[in-house]
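Contents: one structure, followed by commentary.
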Amino acid sequence: MNDTVIYLIRHAETVEENGIRNTNENSQMINEKEILSVKGEEQSKKLSENTELQNLDVIWTSNYTRAKATAKYIAYKNNLQYNIDKRLSERKLGNMDDLAKFMNNKETRDPSREQLAFPEFKTRDGESANDTNKRMNEFFNEILEKYKGKRIAVISHGGTIKFYLLSFCKVNERLNLEYNENELAINSPCLLKMTFRKNELVNLEQMKL
């Protein structure tokens, strides 16, 4: 049986907007509609031309606008329609007072990185790294069963991708993820190639953009 290859992609750059997002249900809806910047559109087009992303069998994306906007170029190049699954959405930050207390005196000022070190932490109405990891693993287990031996693109979000990768990576002293001693950069965009054999990860590498 051929290996199953999953290209895990963080969406391209978004427009800078004012305001707090991804906390309560109203701001969550605003966050879902955040669009790509002009540079992000150019990044997505260039990403779709990457040799690794040709001849795909299936494409999955979160329901967020910025993820779908990134996916549309990859879908066009492969003459495919993309599929949507809400389990690929960004993790919900939840109550901002709780988050402010958690981030007090933290050096990185980056909640998603700090939650790598404290994967059980979550705010009221928010999600922990462990919560996000659980729903992501449910999704990936399903597609690994359904698309054995296929080449699959999955477009998601920074925090969500980081928390899923906790299943395979260690967190170093800089609160970044490492796989086989190689540090991963989960930027917008990024392209990770995951190779599975009999549903077990056998390799993870960051591809050049």
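Numbering of residues begins at 1 and proceeds along the displayed sequence. Owing to the predicted nature of the structure, the values given are computational and were not obtained by experimental measurement.
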Donor-acceptor side-chain pairing of E183 and N172 below 3.5 angstrom: yes

With a 3.5 Å cut-off and sequence neighbours excluded, list the donor-acceptor pairs that the side chains of residues 153-166 form with protein atoms.
| unit_1 | atom_1 | unit_2 | atom_2 | d |
| --- | --- | --- | --- | --- |
| S156 | OG | L88 | O | 2.6 |
| H157 | NE2 | S62 | OG | 2.7 |
| T160 | OG1 | S89 | O | 2.8 |
| T160 | OG1 | E90 | OE1 | 2.9 |
| T160 | OG1 | R91 | N | 3.4 |
| K162 | NZ | S112 | OG | 3.0 |

Ring-face cation contact, F102 with K122, 6.0 Å cut, 45° max: no

Qualifying residue, where the test is ring-ring contact (aromatic ring centres under 6.0 Å, His included) with W60 and the options are Y82, F139, F140: F139

R151/D57 salt bridge by N-O under 4.0 Å criterion: no

side-chain contact (heavy atoms from CB on, under 4.5 Å) partners for T123, two or more places apart: N95, D98, L99, F121

Over 12 foreign heavy atoms within 6.0 Å of NZ, K134: no

R113 and E107 ion-paired at < 4.0 Å: no

Salt bridge (charged side-chain N to carboxylate O under 4.0 Å, His left out) between E114 and R109, worked out: CA-CA 8 Å; E114 295 295 343; R109 314 311 302 165; over 6 Å; no

Salt bridge present between E178 and K170 (N-O < 4.0 angstrom): yes

Electrostatic pair E32:R66 at N-O distance under 4.0 angstrom: no

Side-chain donor-acceptor contact under 3.5 Å, S128 with E120: no

Greater than 12 external heavy atoms within 6.0 Å of Y76's OH: no

Check: K208 main-chain N/O paired with N50 side-chain donor or acceptor under 3.5 Å: yes

Contacts of K46 that satisfy salt bridge (charged side-chain N to carboxylate O under 4.0 Å, His left out) - sequence neighbours left out: none

Test item: Y147 side-chain N/O and V58 main-chain N/O as donor-acceptor pair under 3.5 Å: no

Salt-bridge present (E49, K77; N to O < 4.0 Å): no

Donor-acceptor side-chain pairing of N182 and Q206 below 3.5 angstrom: no

Check: N83 side chain, T61 main-chain N or O, donor-acceptor pair, under 3.5 Å: no

Any donor-acceptor N or O pair under 3.5 Å, side chains S188, R10: yes

R135 side-chain N/O to R87 backbone N/O, donor-acceptor pair under 3.5 Å: yes

